[in-house]
Each structure stands twice: as C-alpha cells, then as structure tokens.
2 protein chains.
Amino acid sequence: MRGKKDMMSGDDIRNAGLKVTLPRVKILALLEQSEQGHVSAEDVYKLLLDAGEDIGLATIYRVLTQFESAGLVTRHHFEGGQSVFELDRGEHHDHIVCIKCGRVEEFFDQMIEDRQQEIAKEKGFTVEAHALTIYGYCKNAACRAS
Amino acid sequence: MRGKKDMMSGDDIRNAGLKVTLPRVKILALLEQSEQGHVSAEDVYKLLLDAGEDIGLATIYRVLTQFESAGLVTRHHFEGGQSVFELDRGEHHDHIVCIKCGRVEEFFDQMIEDRQQEIAKEKGFTVEAHALTIYGYCKNAACRAS
DNA sequence: TGGAAGAATGCAAAAGCATCTCATTTGTTG
DNA sequence: CAACAAATGAGATGCTTTTGCATTCTTCCA
Ligand SMILES: [Mn+2]
Ligand SMILES: [Mn+2]
Ligand SMILES: [Zn+2]
Ligand SMILES: [Zn+2]
C-alpha cells in the first residue's frame, strides 16, 4: 500500500489515465526534485531546458493542467502574474510568501480551517475550497529593509 | 472630520493628487452605488455604458489602479479571469464566493487575523497583507445541486 | 476671465499569460 | 511490429491589462 507521500512514478501517470510519455515523466520528476517546490509553468520550461529537455511550453501547461485534474498537482494563484504549481502530497496547507525575494513557506492551522467552516455555515455556504496566502517580508536580511 | 465610511466625492480624488475629471467622478460614484459592490473593470465599463457614459476601458483600468494606489479602492484576485475592485471603506475583510452564481459575501474574523500574525511571527515574517477567499456553493436553491 | 502648462483621455497597438489548432510523432496493444 | 489512438510542438489565438501618443480637459494665475 502506497500513500501520497511516496515517490511518484510512471504508475501515477498511468493511473491518471494518461500515457507515460517523456514530457510527463520529466515534469513529474522535476516537481519532485525542485528546490522551491512551487514553480510556474515557465519555471518548469526553463528548468527542463537547463536539464537538456526541450519540451514545449504548451505541453507543460497541458500536462500540469492534466496533473491537476488527476490530483497529482495543485495550482495556486499568488499575486502577480503566473500560476504556481506544486506536487500534491495529499496534505492541505496554505502559504506565506515574501514579497521581496519570493520565498514561499507553508503552514497549516486547524483553528483557521475550523473558523472557515463556521463562517461558511453561518452564511449558508458549502465549502469547496479556499485560498489563504499571507504576504510579507521574510527573515532574510536583504528582505528586511522596506 | 470625515471618516472613510462617509460618501466619497471629488475631494477624495483631489486629495489623492488627481484631477477631478468626469471619468473619475463617474467611476467613483458607480463603485459607491453598485449593487454587488465587487466589480471587474469590464463590469464598470458596461455599467457606465448603460448609464450613457462612454468611457474607454483603458481609462477605467488606469483610474482603478490610481484609486488603488490612493487607497480609495481595493483590488482582489478571485479565481477566474478578471481582477475585482471594490470601494475601500477602511474596514478590512475577507470573502466567500459562490462558484456557481458568483455571489460574494464578506466576513471578518479576529481569530483568523490573529492566527495569521502568530504564524508569520513563528516563521520570521512581517505581514504586509493577506488574501483569504473561501469558495463554495451559496444557499441559493439553484446553486445547491452540485 | 483667458489661456498657458501639464495632466488625463481614447484609441489602437502591445504585452503577458494561457489555451487551442493541427500536422507530425510517440506510446500502447494485440 | 503494425495499427490506432493519444500526445507533442510550433505557432496562432484569446483574453485581460498596460502602454504610446495625439487630442482634449483641468487647473491656476496673470
Ligand atoms: Mn505549497
Ligand atoms: Mn469586499
Ligand atoms: Zn524574502
Ligand atoms: Zn450561488
């Protein structure tokens, strides 16, 4: 039995009903190994180019969207420009982003999650999803000076 | 002495260091009177057209951006397409959006606000802003059926 | 009150991000 | 390994937002 936390592989792609192609394998591998963990489609494109894999940007967008539908990947809409993708390891979390250097950290807070449910209930809503992102300056010295 | 809750006027535009022009006055008035309170630049464009004011879309984007810089207006990046603007009445709040009909409701929760500060502190961040949006189905009968 | 100086507007063109089209290539299956 | 369906790549396209520039308005003071 394998959980979401294990290493992804061609099986995950196959199980999503997709053919195991070189672009898909490379993109999935990159998401796993990626330093920052949170990358835009263009980041993926450039990182793969650097790695000698010339995969079209359209393919990257297509594949990331397919991975998202399959639950392998999560898409975030942080402020400013592009969507950001990360591997879905099955554990929901929210983000805090440095508006100076772009560093992204993750957090999960049950109290915040619970309050959201209560607020939704009060208003008669059924929660399907939520997006919480805190923006600020990280501890990095260079980011401190406003 | 006038607070943020009062009616906006040409003075607000002047105080922002901007000339009091017809487009600016009309856009500000529309934001005040708008039913939903949360409108896209194109919404503003069409609503003004309906009202007989033919103001260019580029001007609307420019003016909304200027109003934002001046603190008169807040911009939100809800999922899907366009940015959404609303008059800044000086009281921070977050949003819950119906993914079926688009209805937007507002809420403010001190507990959530406090937890965010604590989380930021733990991570060594200084909070500058945050965006929390809950997505779900509203109480409207037509929105219930998934 | 008139008119100079600078700011704002409208239009069209451009930019940025994401998706689509379609000819060609690749993966899968028997 | 052939045959078919699915996927890819390159460029076109779509949509939102921004920008350049000639023209029009505001402001302000002589
Ligand atoms: Mn994350
Ligand atoms: Mn609001
Ligand atoms: Zn930083
Ligand atoms: Zn609804």
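Proteins get letters first, then strands, A, B, ... in listed order; numbering begins at 1 in each.
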The reported gap from CD in B:E118 to CZ in A:F107 (rounded to nearest 0.5 angstrom) is 12.0 Å

Nearest listed nucleotide, side chain of A:A58, among C:dA8, C:dA18, C:dC20: C:dC20

same_hphob_cluster(B:F108, B:L132) at 4.5 Å side-chain heavy-atom cutoff: no

Can you check whether any acceptor in the base of C:dG10 is under 3.5 Å from a donor in the side chain of B:R62, or vice versa? yes

Length of the CD-P vector between A:E79 and C:dC17, whole Å: 15 Å

Rounded to whole Å, the CG-C1' distance (B:L18 to C:dA8) equals 10 Å

A:S83 has its side chain closest, among C:dT26, C:dA8, C:dA18, to C:dA18

Under the criterion salt bridge (charged side-chain N to carboxylate O under 4.0 Å, His left out), I'd like the reasoning laid out for B:R115 against B:E113: C-alpha separation, chi angles, the key distance, then a yes or no. CA-CA 6 Å; B:R115 286 298 299 142; B:E113 302 289 322; over 6 Å; no

Whole-Å distance separating the CD1 atom of A:I60 from the P atom of C:dC20: 17 Å

Measure from the side chain of A:Y61, starting at C-beta and using heavy atoms only, and say which of C:dT9, C:dC20, C:dT19 lies closest. C:dT19

What's the CZ-P distance between A:R24 and C:dT26, to the nearest Å? 15 Å

Can you name the closest pair of heavy atoms from A:I13 and A:V25 and give their distance? CD1-N, 3.9 Å

A:K26 atom NZ is separated from C:dT26 atom P, nearest whole Å, by 15 Å

d(A:T74 OG1, A:L87 CG) to nearest 0.5 Å is 8.5 Å

Under-4.0 Å side-chain N/O to phosphate OP1/OP2 contact, B:T59 with C:dG10: yes

How many Å lie between CG on B:D54 and P on C:dG10, as a whole number? 8 Å

Could you tell me from which nucleotide to which nucleotide of DNA chain D, 5' to 3', there is an atom under 4.0 Å from chain A heavy atoms? D:dA5 to D:dG11

Would you please confirm or rule out a distance under 4.0 Å between OP1 or OP2 of C:dT9 and any side-chain N or O of B:T21? yes

Can the ring centres of A:H130 and B:H95 be said to be less than 6.0 Å apart? no

Heavy-atom closest pair (A:V97 atom, B:F125 atom, distance to 0.1 Å) is C-CE2, 3.7 Å

For residues 14-25 of chain B, the side chain to side chain donor-acceptor pair (under 3.5 Å) pairs (sequence neighbours left out) are B:R24-B:Q66

Near DNA chain D, counting only heavy atoms under 4.0 Å, which residues of residues 40-51 of chain A show up? none

